[in-house]
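Position 1 is the first residue of the sequence; numbering continues from there. Start at 1 and go down the list; that is how both ligands and their atoms are numbered.
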Amino acid sequence: MTHKVALNFEDGVTRFIDANAGETIADAAYRQGINLPMDCRDGACGACKCFAESGRYDLGEEYIEDALSEAEAEQGYVLTCQMRAESDCVIRVPAASDVCKTQQASYQAAISNVRQLSESTIALSIKSASLNQLAFLPGQYVNLQVPGSDQTRAYSFSSLQKDGEVGFLIRNVPGGLMSSFLTSLAKVGDSVSLAGPLGAFYLREIKRPLLLLAGGTGLAPFTAMLEKIAEQGSEHPLHLIYGVTHDHDLVEMDKLEAFAARIPNFSYSACVASPDSAYPQKGYVTQYIEPKHLNGGEVDVYLCGPPPMVEAVSQYIRAQGIQPANFYYEKFAASA
Ligand SMILES: Cc1cc2nc3c(=O)[nH]c(=O)nc-3n(C[C@H](O)[C@H](O)[C@H](O)COP(=O)(O)OP(=O)(O)OC[C@H]3O[C@@H](n4cnc5c(N)ncnc54)[C@H](O)[C@@H]3O)c2cc1C
Ligand code: FES
């Protein structure tokens, strides 16, 4: 039996390896061309210490307290020269990918669907046989090359990978390089290259209620996460607040409705900031965060959107005097 182990490197690169039953993570990585930081290989030096974000595993019995203390083991630290996976795992490696002799993977695919959901938002899907090999954690992103240029733009997956196809939700930035390509030139069958997956904004094991806060196309990583949650279920409540600027920015509401029907513990609300909006709920996402959503701090908050929105929401949560158990965010910063 093999397990999929995601290795998240310090520079944001993620590589997935297969770990066989009884095989140490260090050996599995080495077999697949990745040299994790390592020295004694005996559980004595601690040079291979990493952090296990999720999954079940055996820590091994051969290591000494100097290499990994009991307190560290309880927090989730592991020695990869000793650890054996007992389920799929996510491991944070405190080194850059190139130091470990690896790098982000590149793929070639073709546009399978491109359509404007509204004047401000584009849905893009790409597909290829090679994307069947593309594993990522829901919430992560890739760098897509803008066809006909040497420029790349970062986009979060808005779906899981299914039959070699993945989706994206993209804001139409007037005059933007990728935006112009997608709105005026792109057609089904066009070739695109991408590199990744990347990023530390991904769904962790759900151990407490989740509050998901999306601004504009910052909804994309959440629809990927919700697909995963719909598959695996959640015993904890999940609430999404989706805020946009104008009525036409409000897209994928049917998708959210379908998630609410599929995921018993999931609820959501949306709001539009523009005073001209005809949408019943006006204002910013912060106006719709209720004390029960913050659950006295026993909550994992995920926040994604344009940088000013991420800043404003972070400040608002700090001002409530509540420290969420975990606070993850992604800023959709412009590349230029
Ligand atoms: C980690 C990460 C993930 C991302 N994921 C997504 C995603 O899933 N969906 C998505 O829509 N975007 C996402 N972005 C933003 C995306 O990478 C591009 O920056 C955006 O799509 C603009 O690309 P463009 O080529 O159309 O415009 P560009 O040619 O890059 O920009 C044209 C002009 O518009 C300005 N500009 C660019 N973006 C904005 C903006 N958002 N608001 C105001 N002005 C802007 C630029 O400064 C420049 O002057 C992500 C960014 C990061 C860093
Ligand atoms: S390499 Fe020394 S403890 Fe693992």
*Taking the side chain as every heavy atom from C-beta outward, state whether Tyr141 and Glu330 have any pair of such atoms under 4.5 Å apart.*
yes
*Heavy-atom contacts with Gly176 under 4.0 Å: which atoms of ligand 1 show up? List them by number with element.*
24 (P), 25 (O), 26 (O), 27 (O), 28 (P), 29 (O), 32 (C)
*With atom 4 (Fe) of ligand 2 as the centre, enumerate protein N/O/S atoms below 2.8 Å in chain and residue order.*
Cys48 SG, Cys81 SG
*Pairing residues for Ser128 by the side-chain hydrogen bond (donor to acceptor under 3.5 Å, both in side chains) criterion, not counting sequence neighbours*: Ser130
_For the 3.5 Å polar cut-off, considering only N or O atoms, please tell me whether Leu169 and ligand 1 meet it._
yes
*For the pair His293 and His239, name the ring-plane relationship: parallel under 30°, tilted 30 to 60°, perpendicular over 60°.*
parallel
*Under 4.0 Å between a Lys/Arg side-chain N and an Asp/Glu carboxylate O for Glu72 and Lys49?*
yes
*Would you call Ala333 a ligand 1 contact, heavy-atom distance under 4.0 Å?*
yes
*Assess whether salt bridge (charged side-chain N to carboxylate O under 4.0 Å, His left out) is satisfied between Arg84 and Asp27, documenting all intermediate values.*
CA-CA 10 Å; Arg84 282 138 174 110; Asp27 286 345; over 6 Å; no
*asked:* Does ligand 1 come near enough to Ala154 that some N or O of the ligand is less than 3.5 Å from an N or O of the residue?
replied: yes
*Under 4.0 Å from any heavy atom of Lys331, which atoms of ligand 1 are there?*
52 (C), 53 (C)
_On a heavy-atom basis, I'd like to know which of Val173, Thr183, Leu219, Leu177 is closest to atom 22 (C) of ligand 1._
Val173
_Geometric class of the Phe327/Tyr329 ring pair [parallel <30°, tilted 30-60°, perpendicular >60°]_ = tilted
_Residue-level breakdown please: for Val146 versus ligand 1, do any non-hydrogen atoms fall below 4.0 Å on the side chain, on the backbone, on both, or on neither?_
neither
*Taking only heavy atoms of Arg171, which atoms of ligand 1 are found under 4.0 Å from at least one of them?*
10 (C), 11 (O), 40 (C), 41 (N), 42 (N), 43 (C)
*asked:* Any side-chain to backbone donor/acceptor pair from Ser118 onto His248? Under 3.5 Å, distance only.
replied: yes
*asked:* Between Ser234 and Asn265, is there a side-chain donor-acceptor contact under 3.5 Å, judged purely by atom types and distance?
replied: no
*Mutual orientation of the aromatic rings belonging to Tyr328 and Tyr302 [parallel < 30°, tilted 30-60°, perpendicular > 60°]*: tilted
_Please list, in number order, the atoms of ligand 1 under 4.0 Å from a heavy atom of Ala334._
19 (O), 36 (N), 37 (C), 38 (N), 47 (O)
*Heteroatom proximity flag, Glu330 to ligand 1, N/O under 3.5 Å*: no
*Go through ligand 1 atom by atom and flag the ones less than 4.0 Å from a non-hydrogen atom of Ile170.*
11 (O)
*Cation-aromatic face contact Arg204/Tyr202, 6.0 Å, 45 degrees*: yes
_Polar contact flag for Met178 and ligand 1 (N/O pairs, less than 3.5 Å)_ = yes
*State whether a side-chain donor-acceptor pair under 3.5 Å links His3 with Ser87.*
no
*Proximity of Tyr141 to ligand 1 by residue part, where a heavy atom lies under 4.0 Å*: side chain
*Would you call Arg208 and Asp300 a salt bridge, using N to O less than 4.0 angstrom?*
yes
